[in-house]
Amino acid sequence: MASIEKQEYRLVQSEKEYEIRHYPSAMKATIYSSAKSYRQLSTPGFRALAGFIFGGNESNTRISMTAPVHMDINDSQSAMSFVMPSKYDEQSLPRPRDSRVKLEQSQAEYVAVLKFGGYANDQRIARYSEKLRKALEKNGINYSGNFRFLGYNPPYQFIGRKNEIIVSVDWQE
């Protein structure tokens with residue numbers, strides 16, 4: 001886990017229940033899906049994205065895995081994204097062979113983050129999303145968009161698992 005590149009962010013504020021972070025723009029490989037649950041999105045989404053980074057691209061290049069894996073699970077269109085290693089930009093990243101994999105530059109954003117351990121599932125994601133929503137409302141912080149899930153660990157890692165729920169917030173520094 002220590003050797004995996006983590007998506008960069010800057011800690012803006014730390015509270016007991018959550019953090020506010022600023023994430024700069026990043027290159028992501030994303031697959032969009034009609035999945036309505038973690039369970040429906042995680043395995044097929046991971047397979048398609050892993051295929052791309054394990055050489056399923058125009059130059060057969062192996063691209064290092066990074067953390068976290070981003071999941072936006074909702075009722076309209078869900079998405080799973082791998083953040084690309086920071087050495088890549090839009091020009092240097094090989095094009096995917098799988099047309100479902102889209103290469104996109106994310107927008108910089110401020111997010112509120114709630115951390116939790118263990119394995120993720122739909123119930124835990126819903127519970128921690130609600131906990132974050134209540135904490136933000138209690139503190140008068142405006143949020144927008146979907147509550148999203150960030151997963152940091154491979155499925156075979158049983159101990160010390162790290163997960164997060166994030167949501168975009170209106171924030172001025």
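Below, each value reflects all heavy atoms present in this structure, side chains not excepted, and no hydrogens, waters or symmetry copies. In this chain, residues are counted from 1 in sequence order. Just so it is clear, the structure is predicted and the values come from calculations on it, not from any experiment.
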**Student:** Flag the pair Ser106 / Tyr23 as yes when at least one side-chain heavy-atom distance between them is below 4.5 Å, and no otherwise.
**Tutor:**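 SC-SC contact between Ser106 and Tyr23 ruled out.
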**Student:** Please list, chain by chain and in numerical order, all residues satisfying salt bridge (Lys or Arg N to Asp or Glu O under 4.0 Å) with Arg21, sequence neighbours excluded.
**Tutor:**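 Counting only residues at least two positions away or on another chain, Arg21 forms a salt bridge (Lys or Arg N to Asp or Glu O under 4.0 Å) with Glu19, Glu164.
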**Student:** Just do the side chain to side chain contact (heavy atoms under 4.5 Å, CB included) check on Leu114 and Val167 with the steps written out, would you?
**Tutor:** CA-CA 9 Å; Leu114 184 141; Val167 67; over 6 Å; no
**Student:** Is it true that Val83 and Leu150 fall in one hydrophobic cluster, defined by side-chain heavy atoms closer than 4.5 Å?
**Tutor:**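 Different hydrophobic clusters.
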**Student:** Which pair of non-hydrogen atoms, one from Pro85 and one from Ile63, has the smallest distance, and what is that distance?
**Tutor:**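 That would be CD-CG2, 3.5 Å.
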**Student:** Does some side-chain heavy atom of Ser42 sit less than 4.5 Å from a side-chain heavy atom of Phe46?
**Tutor:**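 Counting from C-beta outward, Phe46 and Ser42 never come under 4.5 Å.
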**Student:** For the CD atom on Gln107, are there more than 12 heavy atoms of other groups (residues, nucleotides or ligands in this structure) within a distance under 6.0 Å?
**Tutor:**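 At most 12 heavy atoms, drawn from other residues, nucleotides or ligands, come within 6.0 Å of this atom.
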**Student:** CD/Gln7 to OG/Ser81 distance, rounded to the nearest 0.5 angstrom?
**Tutor:**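 Reported to 0.5 Å precision, the distance equals 9.5 Å.
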**Student:** Go through Gln13 and Trp171 one step at a time and tell me if the side chain to side chain contact (heavy atoms under 4.5 Å, CB included) criterion holds.
**Tutor:** CA-CA 11 Å; Gln13 185 173 319; Trp171 197 263; 3.0 Å; yes
**Student:** Could you go through Glu17 and Lys115, starting from their C-alpha distance and side-chain angles, then the distance that decides it, and tell me whether this counts as salt bridge (Lys or Arg N to Asp or Glu O under 4.0 Å)?
**Tutor:** CA-CA 9 Å; Glu17 297 177 294; Lys115 302 175 188 180; over 6 Å; no
**Student:** Which residue pairs pass the ring-ring contact (aromatic ring centres under 6.0 Å, His included) test when at least one of the two sits in residues 48-80, sequence neighbours left out?
**Tutor:**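 Found none.
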**Student:** Do Glu173 and Tyr110 pass the side chain to side chain donor-acceptor pair (under 3.5 Å) test, and can you show the C-alpha distance, the side-chain angles, and the key distance before you say yes or no?
**Tutor:** CA-CA 10 Å; Glu173 286 191 86; Tyr110 287 94; 2.6 Å; yes
**Student:** Considering residues at least two apart in sequence or located in another chain, which fulfil the salt bridge (Lys or Arg N to Asp or Glu O under 4.0 Å) criterion with Glu104?
**Tutor:**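 For Glu104, no residue satisfies salt bridge (Lys or Arg N to Asp or Glu O under 4.0 Å) once neighbours in sequence are set aside.
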**Student:** Write out all pairs satisfying ring-ring contact (aromatic ring centres under 6.0 Å, His included) with one or both partners inside residues 123-145, taking only residues at least two apart or from two chains.
**Tutor:**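 Residue pairs passing ring-ring contact (aromatic ring centres under 6.0 Å, His included), neighbours aside: Phe116-Tyr128, Tyr143-Phe147.
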**Student:** Of the non-hydrogen atoms in Gly160 and Asn153, which two are nearest, and what is the gap between them?
**Tutor:**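 Heavy atoms only, the tightest pair is O-ND2, 4.0 Å.
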**Student:** In Å and rounded to the nearest 0.5 Å, what is the OG to CE distance from Ser33 to Met71?
**Tutor:**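 Rounded to the nearest 0.5 Å, the OG-CE separation comes out at 9.0 Å.
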**Student:** Using the side-chain contact (heavy atoms from CB on, under 4.5 Å) rule, pick out the option among Val69, Leu41, Ile125, Asp122 that qualifies with Phe149.
**Tutor:**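 Among Val69, Leu41, Ile125, Asp122, the one meeting side-chain contact (heavy atoms from CB on, under 4.5 Å) with Phe149 is Ile125.
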**Student:** Which value, rounded to the nearest 0.5 Å, describes the distance between Ile31 atom CD1 and Lys28 atom NZ?
**Tutor:**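 Between Ile31 CD1 and Lys28 NZ, I get 15.0 Å after rounding to 0.5 Å.
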**Student:** Using only atom types and a distance under 3.5 Å, with no angle test, would you say the side chain of Ser25 pairs donor to acceptor with the backbone of Ala108?
**Tutor:**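 Checking the backbone N and O of Ala108 against the side chain of Ser25, no donor-acceptor pair under 3.5 Å is found.
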**Student:** Compare every heavy atom of Ser14 with every heavy atom of Leu11, then report the nearest pair and how far apart it is.
**Tutor:**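 In this case the closest contact between Leu11 and Ser14 is CD2-CB, 4.4 Å.
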**Student:** Running the 4.5 Å side-chain criterion over Ile, Leu, Val, Met, Phe, Trp and Tyr, what cluster does Tyr156 land in, apart from itself?
**Tutor:**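 Answer for Tyr156: none, a lone residue.
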**Student:** Restricting to non-hydrogen atoms, name the atom on Leu103 and the atom on Ala29 that form the minimum distance, rounded to 0.1 Å.
**Tutor:**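 Closest approach of Leu103 to Ala29: CD2-CB, 3.9 Å.
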**Student:** Check whether any side-chain N or O of Lys102 sits under 3.5 Å from a backbone N or O of Ser99 as a donor-acceptor pair, and report yes or no.
**Tutor:**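 Looks like yes, one N/O pair under 3.5 Å.
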**Student:** Return the CD1 to NZ distance between Ile73 and Lys36, rounded to the nearest 0.5 Å.
**Tutor:**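 Reported to 0.5 Å precision, the distance equals 11.5 Å.
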**Student:** Same cluster or not: Tyr32 versus Met84, using hydrophobic residues (I, L, V, M, F, W, Y) connected whenever any side-chain heavy atoms lie under 4.5 Å apart?
**Tutor:**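 Different clusters: Tyr32 never reaches Met84 through Ile, Leu, Val, Met, Phe, Trp or Tyr contacts under 4.5 Å.
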**Student:** Given the rule in the side chain to side chain donor-acceptor pair (under 3.5 Å) test, do Arg148 and Ser168 qualify, once you have shown the distances and angles that lead to the verdict?
**Tutor:** CA-CA 9 Å; Arg148 294 167 279 159; Ser168 295; 3.2 Å; yes
**Student:** Is there a salt bridge (Lys or Arg N to Asp or Glu O under 4.0 Å) between Glu130 and Arg133? Walk through the geometry before answering.
**Tutor:** CA-CA 5 Å; Glu130 182 62 11; Arg133 183 191 65 75; 2.3 Å; yes
**Student:** Considering residues, nucleotides and ligands other than Arg10, do more than 12 of their heavy atoms fall under 6.0 Å from its CZ?
**Tutor:**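 Yes, because the 6.0 Å sphere around CZ of Arg10 holds more than 12 heavy atoms from other groups.
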**Student:** Does Phe158 sit in a hydrophobic cluster with other residues, and if so which ones, taking ILVMFWY side chains as linked at heavy-atom separations under 4.5 Å, directly or through other members?
**Tutor:**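 Taking Ile, Leu, Val, Met, Phe, Trp and Tyr as members, Phe158 shares its hydrophobic cluster with Tyr119, Ile159.
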**Student:** Mark yes or no for whether Asn121, through its side chain, and Tyr38, through its backbone, hold a donor-acceptor pair below 3.5 Å.
**Tutor:**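 No; zero donor-acceptor contacts below 3.5 Å.
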**Student:** Could you go through Arg62 and Ile53, starting from their C-alpha distance and side-chain angles, then the distance that decides it, and tell me whether this counts as side chain to side chain contact (heavy atoms under 4.5 Å, CB included)?
**Tutor:** CA-CA 5 Å; Arg62 289 183 66 87; Ile53 68 169; over 6 Å; no
**Student:** Quick check: closest heavy atoms across Ala48 and Asp98, and the distance to 0.1 Å?
**Tutor:**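 So the minimum-distance heavy-atom pair works out to CB-OD2, 4.0 Å.
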**Student:** Same cluster or not: are Tyr9 and Tyr18 linked, directly or through other Ile, Leu, Val, Met, Phe, Trp or Tyr residues, by side-chain heavy atoms under 4.5 angstrom apart?
**Tutor:**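 Tyr9 does not cluster with Tyr18.
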**Student:** Taking the side chain from Asn57 and the backbone from Thr61, do they hold a donor-acceptor pair closer than 3.5 Å?
**Tutor:**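 Looks like yes, one N/O pair under 3.5 Å.
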**Student:** Could you grab the distance from atom CZ of Arg95 to atom OG of Ser59, nearest 0.5 Å is fine?
**Tutor:**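 Arg95 CZ to Ser59 OG: 10.0 Å, rounded to 0.5 Å.
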**Student:** Taking the side chain as every heavy atom from C-beta outward, state whether Ser78 and Asp72 have any pair of such atoms under 4.5 Å apart.
**Tutor:**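 A side-chain contact is absent here, since even the closest heavy-atom pair is not under 4.5 Å.
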**Student:** Could you walk me through whether Ile20 and Val169 satisfy the side chain to side chain contact (heavy atoms under 4.5 Å, CB included) test, starting with their C-alpha distance in whole Å, then the side-chain angles of each, then the deciding distance to 0.1 Å, before giving a yes or no?
**Tutor:** CA-CA 8 Å; Ile20 303 294; Val169 293; 4.3 Å; yes
**Student:** Do side-chain atoms of Arg100 reach the backbone of Gly45 as a donor and acceptor pair under 3.5 angstrom?
**Tutor:**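 Absent.
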**Student:** In this structure, would Met65 and Met27 fall into the same cluster of hydrophobic residues linked by side-chain contacts under 4.5 Å?
**Tutor:**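 Shared cluster, yes.
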**Student:** Can Glu5 and Ser86 be said to form a side chain to side chain donor-acceptor pair (under 3.5 Å), step by step?
**Tutor:** CA-CA 8 Å; Glu5 181 180 336; Ser86 57; 2.9 Å; yes
**Student:** Are Leu49 and Leu93 in one and the same hydrophobic cluster, where Ile, Leu, Val, Met, Phe, Trp and Tyr link if side-chain heavy atoms are under 4.5 Å apart?
**Tutor:**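 Both belong to a single hydrophobic cluster.
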**Student:** For residues Asn163 and Gly118, report the shortest heavy-atom separation together with the two atoms involved.
**Tutor:**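 That would be ND2-O, 2.7 Å.
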**Student:** Atom CG in Asn74, atom OG in Ser37: separation rounded to 0.5 Å?
**Tutor:**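 Between atom CG of Asn74 and atom OG of Ser37 there are 12.0 Å.
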**Student:** For Arg127, does the CZ atom have more than 12 heavy-atom neighbours from other residues, nucleotides or ligands under 6.0 Å away?
**Tutor:**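 Correct, the count exceeds 12.
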